[in-house]
Amino acid sequence: MITSVLVANRGEIACRIFRTCRELGIRTVAVHSDADENALHARVADAAVRLPGAASADTYLRGDLIVRAALAAGADAVHPGYGFLSENAGFARAVLDAGLVWIGPSPAAIEAMASKTRAKQLMGLKPLTGVTEADLPVLVKAAAGGGGRGMRVVRQLAELDGELEAARAEAHSAFGDGEVFVEPYVEGGRHIEVQVMADTHGTVWALGTRDCSLQRRHQKVIEESPAPGIPETLTAELHELAVRAARAVDYTGAGTVEFLVGEDGKAHFLEMNTRLQVEHPVTEAVFGIDLVALQIRVAEGCALEALENGPPRARGHAIEARLYAENPAADWTPQTGTLHRLAVPEAENIRLDTGYTDGDPIPVHYDPMLAKAVVHAPTRAEAIRKLAGALERATIHGPITNRDLLVRSLRHPEFTTARMNTGFYDRHLPELTAPTPDPHAPLAAALADAHGRSRFGGWRNLPAQPQVKRYATADGEEHEATYRHTREGLTAEGETEEGVRVVHVDARLVVLEVAGVRRKFEVTRYADQIHVNNTTLTALPRFPDPTAQHAPGSLLAPMPGTVVRVAEGLAAGASVQAGEPLLWLEAMKMEHKIAAPTTGTLTALHVVAGQQVEVGTLLAVVF
């Protein structure tokens, strides 16, 4: 029997595995980088071991350090979670060689399937070589890992070499393996996958289907089970292919077989992920099981049939949404800072898997996912309504997130009628990210700030002058709020506030009557950042600082990160074309291209490869 488990991972998945371990009476051990010293997963574990450094390559990708940590902490088993070393056969062997239990498939099975190129060969498929114009579009893909890292769609042959180089660099950084390959890109397809669970006694279960078609940068955003609108014949075919793939490598434990289903209904095998998936909670909700508990019991040698008395039966519909600290309207730029508050109303009955608590910093070194919100309901329509409503009412104070995008995506007619595919965000991103700040949020913020200030001084008999406060919304737009102190209290002034009656004001709650309807505005302030219901505002100084200006054509770092490379031969004085890549920043396990904003001359280049930059750092100037 397993008595102590080290989780070779961080954040949300580590916390989620610890939860099941506690329920089973198993002691937990965390590993943490220096950046994660006070992270939630390190705090909630029974023991924690430091991995010196901050970058993944120095910490969570160091299998030797993790095995040493497990032995030092007295763990007798290792669970890899997902990402990092979860599909690394060498790491699995090192765990076994150290006399520890590996909670996952055999190293041989990982080796056969973790490399997408070898997996395709096993399924009788071959990568695309000698790409020509006739083959376009194609998809460049990392052979190892997942999560959309190391993937690029290429539509012009001239871009292929550059995208291959970028994919190799990103894959090596994320997985320690720079192998990439090319395959045909299926336009308008749906990403459908099958969860499998297998034991050492010859049993393999196919646990339904999941639709993961809503993706950004080939990384999933919203997932659901079962996949809607899939004919029973196709479901049966996918189940049969998934079981066949698992049996072909004597698979044990939890795994996922992924397919791309074209508009013609034909299924194309993508890969087999030899690990737990981020979206595993929707399968757990629909089948009423705990996949982590089953992983542990399979690792202990238990038979699935004895544990569950046969394959569990599906019921209802489940949807998961990934809440990211990112700005979808700015090329999905990741955000850092302090997560002041993350909560959903208790009555929502929603599962929130997260690696953060209130007040935790969001580091730049790792994935920007804050949490996974999961709901289960009798029908798909009820699940959509329940999840959209819960996210809309959630309290999220801190950096910009994709919350509004998630709510709008769930309510988009293409999604509600199950007509979505992997091109959903390519088609609809502008409308889904169009700014819709509450026009009365600035007034509520100004009134809350003014509450308690002296209404009358020595000039009690004279009317007070209107007061003006300036705020910026998350999209950078500036807004003014005008109010006045009167004997009756605070009143709204100005054109925007015409017809608005102030009903109640205190430092945390403002009630306004707008066109005869009373509306409540909950106001929370953190320094210059103010949250008014779901609108985030930044208080602006009354008089802008004239020294805070940059020269025209200045390129500023959109996030803190590392300059991973600069375009070959680029130097000050070079002529550049609009849209031409100048340099690449890596932040939160993703690469972000910094391109020339206009055609002109590169008059200054202020950074070099390997340099760390903060948000707002001047990178280059094109004029």
Side-chain angles (χ1 to χ4, degrees), residues 329 341 343-345 347-348 384-397 400-413 416 428 430-453 455-456 463-525 528-540 542:
R341 179 81 171 131
V344 294
E348 299 293 353
I384 290 173
R385 181 176 63 189
K386 185 176 178 182
L387 181 55
L391 287 170
E392 191 172 47
R393 288 185 288 273
T395 300
I396 307 171
H397 293 167
I400 296 171
T401 72
N402 67 335
R403 183 253 297 275
D404 290 346
L405 174 89
L406 294 174
V407 173
R408 296 178 186 182
S409 299
L410 289 165
R411 290 173 174 166
H412 193 281
T416 58
H428 302 300
E431 65 186 271
L432 294 172
T433 57
T436 56
D438 191 317
H440 299 103
L443 174 62
L447 293 172
D449 183 57
H451 174 73
R453 294 171 183 259
R455 296 176 185 172
F456 302 101
Q465 294 297 311
Q467 303 294 308
V468 178
K469 288 189 177 296
R470 298 169 57 246
Y471 300 93
T473 50
D475 60 349
E477 292 292 322
E478 295 188 10
H479 301 266
E480 287 188 351
T482 307
Y483 64 94
R484 187 196 301 266
H485 287 288
T486 70
R487 288 184 175 81
E488 289 74 33
L490 291 164
T491 62
E493 300 279 340
E495 294 181 7
T496 304
E497 289 78 30
E498 187 175 346
V500 176
R501 186 171 73 88
V502 180
V503 178
H504 169 84
V505 176
D506 62 43
R508 299 297 300 272
L509 177 66
V510 174
V511 181
L512 303 177
E513 185 175 283
V514 182
V517 178
R518 288 193 178 187
R519 296 185 55 204
K520 295 180 180 179
F521 297 83
E522 295 184 0
V523 182
T524 309
R525 182 167 188 147
D528 287 336
Q529 187 183 79
I530 304 101
H531 293 269
V532 183
N533 293 345
N534 288 345
T535 299
T536 302
L537 302 170
T538 300
L540 298 176
R542 185 175 181 184

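These numbers come from a predicted model, not from an experiment. Here, residue 1 is the first one in the sequence, and each next residue gets the next number.
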Enquirer: Is any side-chain heavy atom of His440 closer than 4.5 Å to one of Val514?
Expert: yes

Enquirer: Ignoring hydrogens and geometry, is there a side-chain-to-backbone donor-acceptor pair from Glu493 to Thr491 under 3.5 Å?
Expert: no

Enquirer: I need the minimum non-hydrogen distance between His479 and Pro442, along with the two atoms involved.
Expert: CB-CG, 3.9 Å

Enquirer: So do the side chains of Ile530 and Thr524 get within less than 4.5 Å of each other, counting heavy atoms only?
Expert: no

Enquirer: Would you say His412 and Glu431 are linked by a side-chain donor-acceptor pair, where the criterion is simply a distance under 3.5 Å?
Expert: yes

Enquirer: Please name the pair of heavy atoms, one in Val505 and one in Leu490, separated by the smallest distance, quoted to 0.1 Å.
Expert: CG1-CD1, 4.0 Å

Enquirer: Would you check if there is a donor-acceptor pair between the side chains of Thr416 and Arg385 at a distance under 3.5 Å?
Expert: no

Enquirer: Calculate, to the nearest 0.5 Å, the distance between atoms CD and CZ belonging to Glu513 and Arg501 respectively.
Expert: 4.5 Å

Enquirer: Going by the rule salt bridge (Lys or Arg N to Asp or Glu O under 4.0 Å), which residues pair with Arg525 if we only count those two or more places apart in sequence or in a different chain?
Expert: Asp449, Asp528

Enquirer: Side chain to side chain donor-acceptor pair (under 3.5 Å) between Thr436 and Arg408: does it pass, once the steps are laid out?
Expert: CA-CA 12 Å; Thr436 56; Arg408 296 178 186 182; 2.6 Å; yes

Enquirer: About how many Å separate CG of Leu387 and CG of Leu410, when rounded to the nearest 0.5 Å?
Expert: 5.0 Å

Enquirer: Taking Val511's backbone N and O only, do any of them form a donor-acceptor pair with Arg519's side chain (distance below 3.5 Å, no angle check)?
Expert: no

Enquirer: Counting N and O atoms only, with roles assigned by atom type, does the side chain of Asn533 sit under 3.5 Å from a partner on the main chain of Lys520, one being a donor and the other an acceptor?
Expert: yes

Enquirer: Out of curiosity, His451 NE2 to His504 NE2, how far, rounded to the nearest 0.5 Å?
Expert: 7.5 Å

Enquirer: Are any of the side-chain nitrogens in Arg508 or Glu522 under 4.0 Å away from the carboxylate oxygens of its partner?
Expert: no

Enquirer: Which atoms form the tightest heavy-atom contact between Ala441 and Phe521, and what is the distance?
Expert: N-CE2, 4.4 Å

Enquirer: Return yes if some donor-acceptor pair links the side-chain N/O of Tyr471 with the main-chain N/O of Ala446 below 3.5 Å, else return no.
Expert: yes

Enquirer: Does any non-hydrogen side-chain atom of Pro435 lie less than 4.5 Å from one of Thr473?
Expert: no

Enquirer: Do Asp404 and Val407 touch side chain to side chain, with heavy atoms closer than 4.5 Å?
Expert: no

Enquirer: Would you compute the distance between atom CG of Leu432 and atom CZ of Arg411 and round it to the nearest 0.5 angstrom?
Expert: 12.5 Å

Enquirer: Under a 4.5 Å cut-off applied to non-hydrogen side-chain atoms, are Arg393 and Val344 in contact?
Expert: no

Enquirer: Verify the distance criterion only: is there a donor paired with an acceptor across the side chains of Thr536 and His531 at less than 3.5 Å?
Expert: yes

Enquirer: Which atoms form the tightest heavy-atom contact between Val532 and Ala445, and what is the distance?
Expert: CG2-CB, 4.0 Å

Enquirer: Under 3.5 Å, side chain of Asn534 to main-chain N/O of Glu392, donor-acceptor pair present?
Expert: yes

Enquirer: Any chance you could measure Ile384, atom CD1, to Ser409, atom OG, to the nearest 0.5 Å?
Expert: 11.5 Å

Enquirer: Using every non-hydrogen atom in the two residues, find where Tyr483 and Lys469 come nearest and quote the distance to one decimal.
Expert: OH-CE, 3.6 Å

Enquirer: Give me the atom names and distance for the closest heavy-atom approach of Thr482 to Pro466.
Expert: CG2-CB, 3.9 Å

Enquirer: Between the main-chain N or O of Leu405 and the side-chain N or O of Asn402, is there a donor-acceptor pair closer than 3.5 Å?
Expert: no

Enquirer: Just wondering, do Val503 and Leu512 contact through their side chains at under 4.5 Å, heavy atoms?
Expert: no

